[in-house]
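Single-structure report; data block below.
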Amino acid sequence: MSRRYLVVFAQAHNEFRIPELRSIAELHGFEFSLPSALDDQDPNRPYMVLYVQEEEHARILAKRCILIKSVYEFYGQGSSYEELHQNNRASRALWSRYILDTSFRFLVTAHNHKIPQARQREVVESFSYMKLMGKIDMKSPEIILACLEEYTSRHGFVRSKHEGDGQFRQVYFGRLLQEGTARSLIAKFDVKKRAYYGNTSMDSEISLLMANQALASPGKLIYDPFMGTGSTAYPTVHFGALVFGSDIDGRQMRGKGNPPGVLRAASQYGTVSRILDLCTFDVTRNPWRRGALFDAIITDPPYGVRAGAKRLGRKKELTPSQLATFTEHRMSPRLDDQPYIPPTKPYELSNLILDLVVLARYLLKPRGRVVFFLPTVTDEYTEIDIRQMLCEGMEVIANSLQDFGSWGRRLVTIRKVNDIQYPPPTFLEHQKGLATTHIPAHKGFREKYFQGFRKEE
Amino acid sequence: MVRLITHNLLACHVKGCNTNNFPLQFKDVQIELREAEFNPDFLKGFMPKLEWKALVDAARQLGDTTLPLEQPEMLDDEFLKNLHHVLLEIHVEEGVMTCSNCKHEYPVSNGIPNMLLAEHEIG
């Protein structure tokens with residue numbers, strides 16, 4: 001029999017909420033279902049009633065999901081208090097065990113609104129039919145019963161303090177089961193408090209969400225091919241996984257001083273032993289001996305605004321005579337030669353993404369996931385942009401937008417669906433992709449960004 | 001860093017260097033031993049992905065002779081502890097990894113190997 005639990009979401013990243021719930025349920029091997037009415041599944045609403053098999057599953061969600069503030073055992077809801085009380089009476093079997101001798105307190109609160117004290121008292125008193133005999137304890141009650149009113153946003157409208165009080169969209173009632181504990185990790189991994197970071201380091205909340213999408217957990221091996229300053233790695237290793245990082249520019253991982261910056265930051269979090277290794281190479285010229293190694297690939301590819309992606313090669317090919325001179329010098333370097341740094345050329349974002357998915361198909365274990373951010377131009381984006389990057393054996397399981405107005409970035413999760421061992425990619429695959437006429441909105445993102453996303457005249 | 005698990009996964013990838021390009025040979029190495037968390041399930045899951053002989057040779061070269069020449073069928077606790085130590089606790093901090101075939105040298109500094117290729121080595 002499935003039980004109902006009320007989830008209170010944090011007010012951030014609405015589109016990421018349901019993918020995160022699904023990921024954590026998959027990681028722990030259980031299922032849940034969303035409410036049946038489409039209106040109640042709307043991820044932009046602050047409260048959602050989930051159907052879960054076991055109480056323990058609801059607790060797991062609350063403890064691991066970054067976007068959950070708290071979870072309540074659900075007793076009833078309504079568009080008016082009459083309806084709510086009627087439903088709550090019907091749920092008597094769930095709360096009757098608290099009647100006799102359980103200390104309690106009531107919490108009456110609202111989303112997008114502040115309820116005046118007088119009415120809060122009124123609401124509490126309206127529950128007198130429950131005949132709770134236990135002691136009222138405001139400090140450390142055994143149970144907290146909460147009444148949560150949901151108001152539609154009146155953002156941008158001038159109104160007096162308590163205007164519209166009582167005109168809620170829906171009101172929910174339940175017993176607090178579990179406070180969300182994962183949200184405190186956002187402060188723990190705050191970039192500003194980190195021992196090492198760079199100008200492209202990613203916000204901690206987002207990197208925690210990525211780690212959840214990647215199903216990070218003990219015993220897993222996870223790879224970031226654009227490691228940079230390691231933002232994706234710290235939450236991932238926090239959840240117990242081992243991380244391997246590579247980058248074409250070793251300076252990003254090293255920073256100044258010794259030990260390298262990424263290891264200093266990981267030491268600060270007490271997880272340095274889970275950074276498996278760091279390695280400098282161009283992922284399109286990679287030294288991997290074999291595929292099917294990783295449980296997940298998690299990365300924030302450089303999209304060209306602060307740092308552009310690079311790959312080995314030259315922007316302009318050498319003439320035959322230049323090439324001859326170059327080869328001669330490389331074959332017999334002078335003794336005082338500085339460490340050789342090979343030339344690089346820009347790596348266009350839409351090509352990089354196509355290559356990344358093919359690489360992931362090679363390097364991932366069956367059912368492994370690749371989780372990455374894709375910047376995109378809001379007006380030009382279409383679903384085809386995402387479908388076009390897929391290849392045989394790979395399917396999209398989540399695609400959530402972080403909206404910045406004229407542009408945004410999408411957290412894309414793609415899964416390897418079969419257990420075929422594919423050949424290593426040639427990194428020329430994207431040339432085949434060019435045969436189609438559809439140009440994705442993320443192509444040439446850098447140029448579009450610096451032109452302010454103006455339409456061509 | 002450059003643990004032996006990593007060493008077991010990296011092959012020389014210079015253009016045209018396709019045979020005898022694994023394992024890379026350690027030279028002039030400085031090693032450090034650092035404790036890591038023991039996870040037997042991870043080790044068991046990873047064993048099929050290892051090139052066993054390369055692992056044993058590398059471990060012996062670095063002075064650890066606890067692993068048998070053949071992968072055992074019975075995975076007892078002592079064996080798993082030894083495997084754990086070899087794979088995850090021996091760190092090559094400085095030195096060079098050389099390809100036996102094309103002699104390309106991959107330097108390791110502060111534990112980070114530089115696997116970048118020169119212009120004439122890429123296809």
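In what follows, chains carry the letters A, B, and so on, assigned in the order in which the sequence lines appear, proteins first and then strands, with residues in each chain numbered from 1.
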Top residue by heavy-atom pair count (under 4.5 Å) with chain B, among [options]?
options: Gly313(A), Ser246(A), Ala292(A); result: Ala292(A)
options: Leu276(A), Asn258(A), Leu293(A), Leu312(A); result: Leu276(A)
options: Leu318(A), Leu242(A), Asn286(A); result: Asn286(A)

Side chain / backbone / both / neither for [X] at chain B, heavy atoms under 4.5 Å:
X: Leu323(A); value: neither
X: Ile248(A); value: both
X: Pro260(A); value: side chain

Legend entry - Validation row: Leu10(B), Cys279(A) side chains within 4.5 angstrom (heavy atoms): yes
Legend entry - Within 6.0 Å of NZ in Lys53(B), more than 12 heavy atoms from elsewhere: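 Open: at most 12 neighbouring heavy atoms sit under 6.0 Å from NZ of Lys53(B).
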Legend entry - Enclosure of Arg314(A) CZ (heavy-atom neighbours >12, cutoff 6.0 Å): yes
What part of [X] gets closer than 4.5 Å to chain A, counting heavy atoms only: side chain, backbone, both or neither?
X: Leu24(B); value: neither
X: Glu35(B); value: backbone
X: Leu43(B); value: neither

Under the side chain to side chain contact (heavy atoms under 4.5 Å, CB included) test, residues paired with [X] that sit two or more places apart:
X: Thr280(A); result: Met253(A), Ile112(B), Asn114(B), Leu116(B)
X: Pro23(B); result: His7(B), Gln25(B), Ala54(B)
X: Val14(B); result: Cys12(B), Cys17(B), Cys102(B), His104(B), Tyr106(B), Leu117(B), Glu121(B)

Inset, instruction - Output the residues of residues 213-221 of chain A for which the shortest heavy-atom distance to chain B is under 4.5 Å, in residue-number order; output 'none' if no such residue exists. - result: Pro218(A), Gly219(A), Leu221(A)
Inset, instruction - Could you verify whether a donor N or O on one side chain and an acceptor N or O on the other, from Asn8(B) and Arg289(A), lie under 3.5 Å apart? - result: yes
Inset, instruction - Provide the closest heavy-atom pair for Arg254(A) versus Asn110(B) in the form atom of the first, atom of the second, distance. - result: NH1-CB, 3.8 Å
Legend entry - For the student: nearest non-hydrogen atoms of Arg3(B) and Ser273(A), plus distance: NH2-O, 2.8 Å
Inset, instruction - Would you mind telling me which of Met115(B), His120(B), Lys49(B) has the largest number of heavy-atom pairs within less than 4.5 Å of chain A? - result: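 Maximum pair count with chain A is reached by Lys49(B).
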Inset, instruction - Take Val272(A) and Arg34(B) through the side-chain contact (heavy atoms from CB on, under 4.5 Å) test and state the conclusion after the steps. - result: CA-CA 10 Å; Val272(A) 68; Arg34(B) 274 182 241 137; over 6 Å; no
Legend entry - Whether His13(B) side chain and Trp288(A) backbone form a donor-acceptor pair below 3.5 Å: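 Flag not set: sc His13(B) to bb Trp288(A) has no pair under 3.5 Å.
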